[in-house]
Structure formats: C-alpha cells, structure tokens
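Worksheet for the structure shown next.
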Amino acid sequence: MSMIGIKKVTKVFNPGRPNETTALKEVSLRIEEGELVVLKGPSGSGKSTLLGLIAALQKPSYGEVVVAGEPVSRFSEDFAALYRRHTIGFIFQKFNLIPTLSVEENILTPLLPEGMEENKLHERAARVMAEFSIAHKAKERVKNLSGGEQQRTAIARALVNDPPILLADEPTANLDAALSKNFVEYLRRIKAEGKTIVVATHDPIFFGLDFVDREIEIRNGTIRNEQ
Ligand code: ADP
C-alpha cells in the first residue's frame with residue numbers, strides 16, 4: 001500500500017466564473033512510505049495545490065486522495081483537521097510562526113488541541129528543540145530570532161507531533177545560500193528517520209541530491225515524468 005495515492009485528481013478553482021483556473025489536470029501519483037519526493041516546476045504549475053490536497057486543506061474537484069489507506073479527500077472538516085494534526089507536518093515558505101510567542105510556544109501550537117498533560121507537552125517540545133538545536137532559545141520570542149533560528153523553530157514545530165508525512169512548500173524561498181544548505185542537511189536527517197517527505201520547490205539546490213528518491217516535474221497542472 002502506498003503512503004500517498006493521488007488518483008486522477010483535477011482541481012478547478014472558481015468553477016464557472018470568469019477567473020476559473022484549472023490548477024491540476026488528472027494527476028495520478030503514488031508515493032511510498034519513507035520516500036522523499038521533490039516536486040519541481042515553475043511558479044503557478046500546481047505544486048502548492050497538490051500539497052494542499054495531500055494535507056486535506058483542499059478538496060479535489062474530481063478524483064481522490066488516499067493517505068495511509070484513508071480517503072482523506074472525503075473527510076469532513078473536523079476529521080480533516082484531526083488527520084492533519086496526526087499525520088502531516090507542514091513547513092511553509094514564510095515559516096508562518098507567531099512572532100510574539102516564544103519558540104517553545106510556537107512549537108507547542110500543534111499539540112494544544114490534544115489536551116495533553118503539561119509535563120508531556122514540555123517533554124515533546126524539548127525533544128524537537130534539542131534535535132534542531134534551538135533549546136537554548138526556548139523562551140525567546142520568535143521576532144527576536146535570526147533567520148536560521150526561525151527556520152529551525154519551523155522545522156521543530158512541523159515535527160513535534162511526530163507525523164509520518166512531512167510536506168514542505170518552497171522551504172528555501174526566503175533563505176540565503178548557507179541556510180538553504182542547512183535545510184537540505186536537516187532534510188537528509190528527517191528522511192533517515194523514515195518519514196515520507198514531499199518538497200515542492202523550484203530551487204535547484206534540491207535537484208540531483210543523493211538521498212532524494214524521485215524528482216517529479218509538474219507543468220501547467222500535469223505531471224511530466226511520472227515513473
Ligand atoms: P505553484 O505552487 O506551483 O506555484 P499553485 O498550486 O499555487 O502553483 O497554483 C496553480 C494555479 O492555481 C495557479 O494558476 C494559481 O493562480 C491557481 N490557484 C492556486 N490557488 C488558488 C486559489 N485559492 N484560488 C484561485 N486560484 C488558485
């Protein structure tokens with residue numbers, strides 16, 4: 001069984017309106033457990049839309065998305081939110097951290113709806129903060145952090161729930177060359193932990209890496225080199 005199955009998915013935004021856009025056209029794709037896939041293509045090709053469908057943030061217009069055997073594209077809103085919390089870690093281009101909260105508070109946000117004991121919460125945060133070398137800034141507000149520290153906080157937040165799937169949308173778009181290289185090394189480590197990973201990017205730093213299993217090219221909502 002594949003970890004992620006995209007089955008003949010078409011996504012039309014604003015159907016029937018003058019601004020109707022077909023973001024994905026009959027895309028089919030299977031991603032196996034533990035696989036790292038780089039989804040590449042120019043801006044506007046449909047990469048974010050595909051990640052949004054895997055995360056059940058969006059529903060396909062046609063077709064189906066199955067994750068770990070579950071038809072996530074048919075989940076209700078509440079169920080989709082629960083699914084995201086347990087199954088998906090998301091790293092965004094602009095980190096999407098809350099600047100006035102501390103590093104630890106930001107990292108804990110995905111865990112709060114779980115109603116976990118205080119001790120356990122701090123234990124979880126401590127584990128990922130140590131892994132991504134940000135524990136010394138636990139109480140610092142995010143707005144006072146360097147770009148690299150914000151990057152590590154965003155990665156720690158995405159992984160605090162220990163989700164089996166990590167999705168990253170243009171993760172290096174706002175990073176300089178050195179931080180982009182660091183991100184690639186973090187990715188190598190996360191892949192070694194057995195996570196299934198999809199990175200949507202047009203940054204050539206991700207192309208030809210030895211630990212990437214597949215590069216898939218998407219153009220105008222169509223996958224070109226699906227193997
Ligand atoms: P990429 O991530 O490759 O840059 P996107 O998936 O963001 O591409 O966008 C694919 C196409 O769908 C683009 O034409 C974009 O304008 C359109 N699109 C994406 N999201 C929306 C939305 N929420 N409403 C309307 N059109 C959208």
Side-chain angles (χ1 to χ4, degrees), residues 3-31 35-67 72-78 80-81 83-84 87-97 151 154-155 157-158 163 165-176 179-180 183-184 186-187 190 195-209 212-227:
M3 188 58 152
I4 301 171
I6 314 278
K7 300 181 178 174
K8 282 199 156 192
V9 162
T10 295
K11 178 66 182 177
V12 183
F13 288 106
N14 307 311
R17 302 240 186 104
N19 58 349
E20 176 176 304
T21 308
T22 302
L24 295 172
K25 286 174 217 155
E26 299 217 349
V27 168
S28 292
L29 174 65
R30 286 193 327 192
I31 299 175
E35 218 186 343
L36 167 49
V37 170
V38 167
L39 190 62
K40 57 184 184 179
S43 182
S45 54
K47 304 184 296 297
S48 299
T49 303
L50 195 54
L51 294 188
L53 288 163
I54 296 168
L57 287 163
Q58 318 243 8
K59 285 194 189 300
S61 310
Y62 306 96
E64 190 172 48
V65 180
V66 177
V67 176
V72 303
S73 50
R74 289 194 254 137
F75 282 176
S76 68
E77 261 319 300
D78 285 356
Y83 152 75
R84 268 194 297 281
T87 313
I88 306 285
F90 219 120
I91 296 176
F92 303 91
Q93 176 176 341
K94 291 185 177 151
F95 306 133
N96 287 13
L97 298 166
Q151 173 197 40
I155 298 170
R157 182 186 55 182
I165 298 175
L166 178 68
L167 305 176
D169 195 358
E170 300 283 3
T172 56
N174 286 322
L175 301 178
D176 64 24
L179 288 180
S180 298
F183 184 85
V184 170
Y186 289 130
L187 203 58
I190 298 163
K195 303 236 183 259
T196 306
I197 307 172
V198 185
V199 181
T201 186
H202 57 255
D203 184 345
I205 198 169
F206 292 101
F207 305 163
L209 293 171
V212 168
D213 297 297
R214 265 192 296 169
E215 291 178 13
I216 292 174
E217 193 174 350
I218 180 163
R219 289 227 173 197
N220 292 322
T222 307
I223 286 180
R224 288 159 63 97
N225 61 342
E226 224 266 284
Q227 297 126 14

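All ligand and atom numbering here is 1-based and tracks the order in the structure.
Side-chain contact between Val12 and Ser61 is present, with heavy atoms from C-beta onward closer than 4.5 Å. Within the 4.5 Å cutoff, the side chain of Glu35 has no heavy atoms near those of the Val198 side chain. Using a 4.5 Å heavy-atom cutoff, the side chains of Ile216 and Ile218 are not in contact. Residues Leu29 and Ile4 form no side-chain contact, since every pair of their non-hydrogen atoms from C-beta on lies 4.5 Å or further apart.
More than 12 heavy atoms of other shown residues, nucleotides or ligands fall within 6.0 angstrom of atom CG in Asn96. Glu20 CD: more than 12 foreign heavy atoms inside a 6.0 Å radius.
The Lys47 neighbourhood of ligand 1 comprises atoms 1 (P), 2 (O), 3 (O), 4 (O), 6 (O), 8 (O), with distances under 4.0 Å to a heavy atom of that residue. Listed by number with element, the atoms of ligand 1 under 4.0 Å from a non-hydrogen atom of Ala23 are 10 (C), 11 (C), 12 (O). Interface of Thr21 with ligand 1, defined as ligand atoms under 4.0 Å from a residue heavy atom, comprises 12 (O), 14 (O), 17 (C). Within the listing of ligand 1, atoms 25 (C) sit less than 4.0 angstrom from a heavy atom of Asn14. Of all atoms in ligand 1, listed by their number and element, those nearer than 4.0 Å to a heavy atom of Ser48 are 1 (P), 2 (O), 6 (O), 7 (O). In summary, the atoms of ligand 1 found under 4.0 Å from a heavy atom of Ser45, numbered by their order in the structure, are 1 (P), 3 (O), 8 (O).
Gly44 counts as a contact of ligand 1, since one of its heavy atoms falls under 4.0 Å from the ligand.
Residue-to-ligand polar distances keep Asp169 apart from ligand 1: every N/O pair is separated by 3.5 Å or more.
Checked for salt-bridge contact, Lys40 and Glu215 meet the test: a charged N lies under 4.0 Å from a carboxylate O.
Residue Gly46 holds the heavy atom nearest to atom 8 (O) of ligand 1 of all those in Pro42, Ser43, Gly46, Gly41.
Protein non-hydrogen atoms do reach within 4.0 Å of atom 18 (N) of ligand 1.
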